[in-house]
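Heads up, the thing below is written out as structure tokens.
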Amino acid sequence: MRRGAYWAPAGRSIVDLAGFPSGAIPAGRGSFTAAMDLELGPRYEELRREVREFLAARRDDAPSSAVGAEVPMERRLAWQRTLVEAGFVGRTVPVEYGGHGAAPDLVEGIVIEQEFAAARVSLGMQNQGIGMLVPTLLRFGSEQQKRELIGPTLRGELIWCQGYSEPGSGSDLASLSTRGELRGDRWIVNGLKIWTSTARQADRMFALVRTEPDAGKHAGISYLLIDMSSPGIEVRPLVTMTGDASFNEVFFTDVEVPVTNVVGRPGQGWEVGTTTLRHERALLGRPHQSEELFASAVAIVRRNGLLDEPVWRDRLIALEARLVAMKANGLRALTAQLEGRDPGLSRLIIKLEGCQLNYDVCGLALDALRERGLSRPGGEHEEVGAWQYQRMYALGLIIGGGSAQIQKNIIAESGLGMPREPKVAT
């Protein structure tokens, strides 16, 4: 039993992460007692040792993970290749597809994430291609698609964007109207996608397209891989509240897509696409991303001499308690997966809670920056201007990838078994 400390597998405690000495929190608000044995066994502790040795030897090669840090793309790609070669990215992807070829083991992935987060070292690119498309291709892709696309995607050489939302099809994704007409060995695609992240930088798009107009709403959709350099594609940037054009509109006019670029079967796109969405929601709310953000915020609080003030200590502990709860929820979901059970509610809340936590952590950092939190980017400290962007971006993710309101409906209906929201007659 230990008061004021929550033992996680990485050996870190709640007070350690916030920078307080063990036992420094007095009894009363913010104190607790925890007794938990999360030892993973010799095999995983050996992996933990290997990861720590790698980090000690190579951490200087890693790009900065600090908020606002400018990192050249060449360095990001070099670090990504290093992580793939070391087996920390694409660990369970078969060697013939460009991965490390390790046997699937969810606990190994958790150990690796814990150690990189504890060392505050970047675990490489966390983009749509790696986090969403690769696992989708491993399940539904053809042999040719797996061999040609997965390796370059893992190494960051092939950048993807996601073509799902349309002006009239956001939350009701199955009502999408972008269509593909089969002519010989090509799909001819016409329509519009919106809120498309990285469309200007992307080499390819994975998109949902209506290819079977006479089929049912969900049955007539196919999952297509589209070359963004194809004639007939026009990308128009959309400036958001961050001041940056991080989203785009993508117009398709008679765009030719080879029939071999269908993932799964024609008309199977809803099944394939919802598989991708499950990976998207996990990607958007992963606890280790929140942990990196929180560590950066703590550094600002400490640098500004606020760590000893009770109000700031209270705010830090309140946020970190939520972070620890998210990590514990991740372990609950992991346990269910290891036992072959559907994680259920524990999986459904990851995106909702993770994005809100990131937004609130950014708010703490901006308050700690005081008047500099309102400044434009530039100046003495690299984080000035970056935290405003990060907070607005986090707010956007509360809406994007399935808005918080839609997520709450899904949690209520699918996770808690509550009745569906009644449809209002029109």
Side-chain angles (χ1 to χ4, degrees), residues 67-68 126-128 131-132 161-167 169-173 193-199 237-249 274 276-297 315-316 318-330 333 343 345-369 373 383 385-416 418 421:
V67 172
Q126 307 290 333
N127 59 32
Q128 298 167 99
M132 297 161 58
C161 61
Q162 178 186 23
Y164 275 29
S165 294
E166 299 180 7
S169 304
S171 299
D172 184 14
L173 182 59
K193 297 294 181 180
I194 198 168
W195 311 123
T196 311
S197 304
T198 69
L238 294 171
V239 178
T240 68
M241 58 190 168
T242 64
D244 187 21
S246 53
F247 294 117
N248 305 271
E249 294 176 297
T274 52
T276 302
L277 281 178
R278 284 196 291 272
H279 293 290
E280 177 187 37
R281 286 164 186 163
L283 180 69
L284 292 179
R286 297 172 73 180
H288 89 273
Q289 295 174 331
S290 300
E291 189 169 359
E292 291 177 0
L293 200 63
F294 180 78
S296 296
R315 291 185 66 182
L316 284 170
L319 285 171
E320 192 164 14
R322 291 167 59 188
L323 174 59
V324 169
M326 284 293 297
K327 294 171 70 175
N329 180 72
L345 186 61
S346 60
R347 171 177 57 82
L348 295 175
I349 67 175
I350 290 174
K351 190 269 179 184
L352 176 69
E353 293 300 320
C355 292
Q356 184 64 53
L357 175 59
N358 291 346
Y359 178 75
D360 294 340
V361 168
C362 292
L364 173 93
L366 284 171
D367 288 346
L369 285 168
E383 78 273 3
W387 281 100
Q388 296 100 315
Y389 178 93
Q390 192 70 35
R391 193 174 200 224
M392 290 299 97
Y393 185 77
L395 178 59
L397 291 183
I398 292 175
I399 302 169
S403 71
Q405 289 73 23
I406 296 297
Q407 290 292 299
K408 289 175 182 178
N409 280 349
I410 293 172
I411 291 167
E413 295 166 9
S414 301
L416 300 176
M418 297 176 67
E421 186 176 7

Nearest heavy atoms of [X] and [Y], plus distance in Å:
| X | Y | result |
| --- | --- | --- |
| C362 | Q390 | SG-CG, 3.5 Å |
| W195 | F247 | O-CD2, 3.6 Å |
| L323 | S290 | CD1-CB, 3.9 Å |
| I194 | L238 | CG1-CD1, 3.8 Å |

(message) Would W387 and D367 count as a side chain to side chain contact (heavy atoms under 4.5 Å, CB included) here? Give the steps.
(response) CA-CA 10 Å; W387 281 100; D367 288 346; over 6 Å; no
(message) So, using side chain to side chain contact (heavy atoms under 4.5 Å, CB included) as the criterion, who are the partners of S346 when residues are at least two apart?
(response) N329, R332, A333, P343
Approximate separation, where rounding is to 0.5 Å, of [X] [atom1] and [Y] [atom2]:
| X | Y | atom1 | atom2 | value |
| --- | --- | --- | --- | --- |
| S403 | L397 | OG | CG | 12.5 Å |
| Q356 | Y359 | CD | OH | 7.5 Å |
| D360 | L364 | CG | CG | 9.5 Å |
| Q407 | I350 | CD | CD1 | 10.5 Å |
| M326 | N358 | CE | CG | 8.5 Å |
| L357 | I398 | CG | CD1 | 10.0 Å |

(request) Taking the side chain as every heavy atom from C-beta outward, state whether L173 and T274 have any pair of such atoms under 4.5 Å apart. (result) no
(request) Determine whether N127 and T198 make a side-chain contact, defined as any pair of heavy atoms from C-beta on separated by less than 4.5 Å. (result) no
(message) Using a strict threshold of under 4.0 Å (side-chain N to carboxylate O), is an ion pair present between K193 and E166?
(response) yes
(request) With side chain to side chain contact (heavy atoms under 4.5 Å, CB included) as the test, would you mind laying out the steps for Q162 and L277 before giving the verdict? (result) CA-CA 10 Å; Q162 178 186 23; L277 281 178; 4.0 Å; yes
(message) Can you confirm whether Y393 is buried at OH, in the sense that more than 12 heavy atoms of other residues, nucleotides or ligands lie under 6.0 Å from that atom?
(response) no
(message) Run the salt bridge (Lys or Arg N to Asp or Glu O under 4.0 Å) test against R391 and tell me which residues pass, sequence neighbours left out.
(response) none
